[in-house]
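Have a look at the structure below, then the notes.
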There are 2 protein chains.
Amino acid sequence: MRNKRDGSVQSVSRAVDLLEALSDGEEHGVTELGKQLRVHKATASRLLATLAQRRLVYRNPATDKYRLGLGLIHLAGSAMAGIDLIGQARPILEDLAATTSETVNLAVLDGNQVMHVDQIAGTRNIVNVSWVGRRTPLHCTANGKVLLAFLEAPERDRMLAPPLEALTGNTITSRRKLERQLTEIRGRGYARAIEELEDGLNVVAAPVRGADGGVVAAVSVGGPAFRMRPRELGKLGRMAMDAGAAISRRMGFVKGRRSNGST
Amino acid sequence: MRNKRDGSVQSVSRAVDLLEALSDGEEHGVTELGKQLRVHKATASRLLATLAQRRLVYRNPATDKYRLGLGLIHLAGSAMAGIDLIGQARPILEDLAATTSETVNLAVLDGNQVMHVDQIAGTRNIVNVSWVGRRTPLHCTANGKVLLAFLEAPERDRMLAPPLEALTGNTITSRRKLERQLTEIRGRGYARAIEELEDGLNVVAAPVRGADGGVVAAVSVGGPAFRMRPRELGKLGRMAMDAGAAISRRMGFVKGRRSNGST
DNA sequence: ATACGGAGTTACACATTGCGCAACAAGAGA
DNA sequence: TCTCTTGTTGCGCAATGTGTAACTCCGTAT
């Protein structure tokens, strides 16, 4: 009607809303979901029936409640296979996780955020929170800073629409200061984020290059600040760099070639 | 909607069609997809725009073509986290892959098929085909037979609607013969599939139990027939059983409890 | 047992919404 | 420059999706 001039298809949009509402991993009932989306339960019922028929949601026959379905794994699997990055990176991430005992992540640029596409949990961790599929800001994560550092300046400008939100006391909110760090990162080869995203969380990250020399992803090693002391970050950073280089090689990157950033 | 007796929502269904059309990992254009779905390209354009807005598809700015988007990884990640099985199983699958050097899979029941939810590639493999997200029949795979064996008889009847398709010369197509094997599997604790799904592919599989004692998944070890000789399958089967038991323990299964199959 | 309340599905009727058409804009070759 | 292909956007129609409400189940309390 008035606000529908975005050209999007209402029922599809609502269906995606349903999927996202279910993405907490819990089971939800029809009425409950209807309320959450502000649509009548009849509508929710029909949308869910459609999604269930296509296996994007699964209906628990016992409780009659819905959760996300295995069809999504199929689609996501294809999405990942398309990238091919994850398959190539996996064994190297595992090595890196084994030698550092910390959590290792692989991340790519998604819009103006960092998308985590794979993770190997550190052996030292009790609780195993998966970051896969989660997005975080660019300016306050090690992965994000790597991805930013190797971007063209105009692109970077588009990504970094002010203000840079402060998530902890350490978050860099000045564009100038951030640019200085990015220059450092390009020179040194890896990035650090010291309690910039979460208090008590330190991360280092290094670039992964594709066949054409462009940076396509970032590998990170992260853990609690009490284990990842500043003086050890150098060693971990170099390990991340080695892993990044190894993945790059598998992606067809030939050493010595330079990413000049041209198309 | 005279002939639409299934009560499903057309545009949502078409949106899912689009996602599936894109699930080959390739990029596709609007017109092309419209043709494939037998809808006008204008319709395809609007549906794709909606999906793109929600990050389920990604539009390559250079070519204006679509591929699956990273939003799917988010949803699928949640779907997997919801199950929790994958997270718990991962390290054990890795051990199993390391000791056997063959490819290890984790699979669950999805409708009347086997859905592969995780995989660790064997170190001996050159090419690394991912089965994650792929579905296979129940009656001719080791995973499938494990899942069948621990199902209630009436459920099993529903799953095994005849005819049992023969995919190779070794595929079991007789229901009686299959039932006999399932009894064997329950007694022995693991299943074998000897070139029943693909020529030259042998697999063994063992059950994974949930906290209530019911079988929730299957772990398999598979490889080429020339490496996985019949006389070695016993040893590999026992290793799969151990891995299955270890995962079961992590899932809260207490040894000695019996799955009596009642609710 | 019976009554009650909550959850989910379905028939129905209306008008919102999504669809096809066709004109338009933007590239890519020739 | 002309042409062919690909994608987007008004427009008008009606098919489609939606809300209302009645109905069925089920579980729980009376």
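Computation of the quantities below employed the complete heavy-atom set of this structure, encompassing side-chain atoms and omitting hydrogens, waters and symmetry-equivalent molecules. Each chain gets a letter, A, B and so on, in the order the sequences are listed, and its residues count up from 1.
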Under the salt bridge (charged side-chain N to carboxylate O under 4.0 Å, His left out) test, which residues partner A:E198, sequence neighbours left out? none
How would you list, by chain and number, every residue that makes a salt bridge (charged side-chain N to carboxylate O under 4.0 Å, His left out) with B:R175, sequence neighbours excluded? B:D157, B:E179
A:D110: side chain to side chain donor-acceptor pair (under 3.5 Å) partners, not counting sequence neighbours: B:R55
Applying side chain to side chain donor-acceptor pair (under 3.5 Å), can you list everything that pairs with A:T183, at least two apart in sequence or on another chain? A:R186
Rounded to the nearest angstrom, tell me the gap between atom [atom1] in [X] and atom [atom2] in [N].
X: B:Q10; N: D:dA15; atom1: CD; atom2: P; value: 12 Å
X: A:L47; N: D:dT16; atom1: CG; atom2: P; value: 16 Å
X: B:L51; N: D:dG7; atom1: CG; atom2: P; value: 16 Å
X: B:Y66; N: D:dT8; atom1: OH; atom2: C1'; value: 10 Å
X: A:H28; N: C:dA7; atom1: NE2; atom2: P; value: 15 Å
X: A:R46; N: C:dA7; atom1: CZ; atom2: P; value: 18 Å

Sub-3.5 Å donor-acceptor pair from the side chain of A:S248 to the main-chain atoms of A:V208, do we have one? no
Under 3.5 Å, is there a donor-acceptor pair between the side chain of A:S45 and the main chain of A:K41? no
Does any residue of residues 12-22 of chain A have a heavy atom under 4.0 Å from DNA chain C, and if so, which ones, in number order? none
Could you check which residues of residues 29-44 of chain B get a heavy atom under 4.0 Å from DNA chain C? Sort them by number, please. B:H40, B:A42, B:T43
Report the residues that fulfil side-chain contact (heavy atoms from CB on, under 4.5 Å) with B:A245, sequence neighbours left out, ordered by chain and then residue number. B:R249
Partner residues of A:H116 under the ring-ring contact (aromatic ring centres under 6.0 Å, His included) criterion, sequence neighbours left out: A:W131
Global bending angle along the helix from C:dA1-D:dT30 to C:dA30-D:dT1, which compares the axes of five pairs at either end, to 10 degrees: 40°
Atom pairs and distances, donor-acceptor, side-chain atoms in residues 140-151 of chain A, under 3.5 Å, two or more places apart:
{"residue": "A:T141", "atom": "OG1", "partner": "A:P137", "partner atom": "O", "Å": "3.2"}
{"residue": "A:T141", "atom": "OG1", "partner": "A:G144", "partner atom": "N", "Å": "2.9"}
{"residue": "A:N143", "atom": "ND2", "partner": "A:S220", "partner atom": "OG", "Å": "3.2"}
{"residue": "A:K145", "atom": "NZ", "partner": "A:Q181", "partner atom": "OE1", "Å": "2.8"}
{"residue": "A:K145", "atom": "NZ", "partner": "A:R192", "partner atom": "O", "Å": "2.8"}
{"residue": "A:K145", "atom": "NZ", "partner": "A:E196", "partner atom": "OE1", "Å": "2.9"}
{"residue": "A:K145", "atom": "NZ", "partner": "A:E196", "partner atom": "OE2", "Å": "3.3"}

Kindly state each residue pair satisfying side chain to side chain donor-acceptor pair (under 3.5 Å) with at least one member in residues 12-21 of chain B, sequence neighbours excluded. A:R54-B:D17, A:R54-B:E20
For residues 28-38 of chain A, which residue pairs pass the side chain to side chain donor-acceptor pair (under 3.5 Å) check, not counting sequence neighbours? A:D24-A:H28, A:H28-A:E32
At under 4.0 Å, does any side-chain N or O of B:S11 touch on OP1 or OP2 of C:dG18? no
For C:dT9, does OP1 or OP2 lie under 4.0 Å from any side-chain N or O of A:R59? yes
